[in-house]
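As the structure lists them, so they are numbered: ligands from 1, and atoms in each ligand from 1. Bear in mind the structure is a predicted one, so any value in this text is a computation, not a measurement.
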Amino acid sequence: MKKLSPSAFAQLREKTRLALAGRDPADSYGFVNPPIVRGSTVIYPNMEDFLARKARYTYGTQGNPTIDALIAALNTMEGGAGTVVCPSGLLACTLPMLATLSSGDHFLVTDSVYRPTRHFCDKVLPRMGVEVTYYDPAAGADIAKLFKPNTRAVWTEAPGSQTFEMQDIPAIVAAAHASDILVLMDNTWATPLFFDSHKYGVDLSIQAGTKYYAGHSDVLIGTISARTPELYRQLRETWELLGVIIAPEDAFLTLRGIRTMHIRLKEQMPAGIEMANWFAARPEVARVMHPALPNDPGHDLWKRDFTGASSLFAIELKPVAQKAVGAMLDGLTLFGMGASWGGYESLALPFDCKGYRTATEPDFKGPTIRFHIGLEDLEDLKDDLDAGFARLRAAV
Ligand SMILES: Cc1ncc(COP(=O)(O)O)c(C=O)c1O
């Protein structure tokens, strides 16, 4: 197999690059995949090299070949200047804040942010002297009205956690960049395959790789891609200073997941949309929150900017007692009740975001449930849910 030049590689289409990135059989004893390299200590050939730290790898916390193989694939997908990886999606959310915010800065955060990210903003950033303001995810260009002279960055997440509000990322980017403000985005839902965040100007693009990248609910990992070399340098410096490193096994498993992610999403996107439409037709359901559905408030933005959808969405039931929801969910046999998503298996989770949103007032009248659609046969999933709705009706 002849090795491609970097420029020839860059000309290839995304699927081909995903099959090739980060592997070179010549470096892997001829095997297809890169080996799992474990190690803390790196041995230098002589004192001169040691004193100058003249080596491709200098110490285990600075990276290693397995992690670099993953990063090569991530850079291919993200199209940014460079990526760092860390041991959870949550850390991939908080690390860019540590890398870019300083005491005295003001930080704007969408009200629909992933809740543990919000906890960090509430509990840690104020201790660092950073002022946090939550804003309505629908703000668009009006975000500029919230800018202060010390606003340093805007946090976006589209669609939002649990309630799936779309955000006008190009409008937010235009307003922010006009005032020298950074835009950070949790792009986990769409993945770079369905939303090219750097192309739309997002400065730091975050993935909970735990979800669709790893794809099998067996790895915790986060990735942050920087749009420019300067931002990458800043991000990488904080990453190194904190000593954030992932296990090579996790890098290997995530790289393995990425090779087939587009195939899984090709199956899961229509599955999610079909199930969302199925829920929308149910008499027990008041609302479905899925931006790919034409009557969703975020549909136009989704259609304009995104090239696909993952299989996570939510529903609002018509008002029923909590015990009826319990009867429905507890008896499901194909939907697990657990946090996270993006694996091959289906999940269902009750949530209530009314208690902690501060910039918006969720207007739900009935209970809300988040669904993740896996790779099971949809007719089996519908049968399971049909029986669940029968239990819900019986318990009312
Ligand atoms: C939107 C979003 N971002 C970040 C995370 C955090 O990922 P992890 O579970 O790997 O910490 C999650 C986890 O559910 C999430 O849903």
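At the shortest separation from atom 9 (O) of ligand 1 among protein heavy atoms lies K211 NZ, 3.2 Å. Residue, atom and distance of the protein heavy atom nearest to atom 16 (O) of ligand 1 are W341 NE1, 2.9 Å. For atom 5 (C) of ligand 1, the nearest non-hydrogen atom of the protein is Y114 CE2, 3.3 Å. Protein heavy atom nearest atom 2 (C) of ligand 1, with residue, atom name and distance: D186 OD2, 3.5 Å. Annotation: atom 8 (P) of ligand 1 to nearest protein heavy atom, G89 N, 3.4 Å.
In the vicinity of T210, heavy-atom distances shorter than 4.0 Å reach the ligand 1 atoms 8 (P), 10 (O). Taking every heavy atom of L220 and a limit of under 4.0 angstrom, the matching atoms of ligand 1 come to 10 (O). Shown in contact with L90 at under 4.0 Å from a heavy atom are these atoms of ligand 1, numbered in order with element: 6 (C), 7 (O), 8 (P), 11 (O). Near A208, with a cut-off below 4.0 Å to any heavy atom, the atoms of ligand 1 are 4 (C), 5 (C), 6 (C), 7 (O). Numbered from 1 in the order shown, with element, the atoms of ligand 1 that lie under 4.0 Å from a heavy atom of S161 read 1 (C).
Cation-pi geometry between R118 and Y356 is not met: the NZ or CZ atom fails to fall both under 6.0 Å from the ring centre and inside 45° of the normal. Seen from the ring of W302, R304 does not count as a face-on cation partner, given the 6.0 Å and 45° thresholds.
Heavy-atom neighbours of K354 NZ from other residues, nucleotides or ligands within 6.0 Å: above the threshold of 12.
Without hydrogens or angle criteria, D384 side chain to T333 main chain gives a donor-acceptor distance under 3.5 Å.
In this structure, R152 does not pair ionically with D180, as no charged nitrogen and carboxylate oxygen lie closer than 4.0 Å. Under 4.0 Å is where a charged nitrogen must lie from a carboxylate oxygen, and between R264 and E267 no such pair does.
Here the side chains of L90 and T117 are in contact, with some heavy-atom distance below 4.5 Å. In this structure the side chain of F31 never reaches within 4.5 angstrom of the side chain of P25, judged on heavy atoms.
Contact annotation: for A92 versus ligand 1, there are no heavy atoms closer than 4.0 Å.
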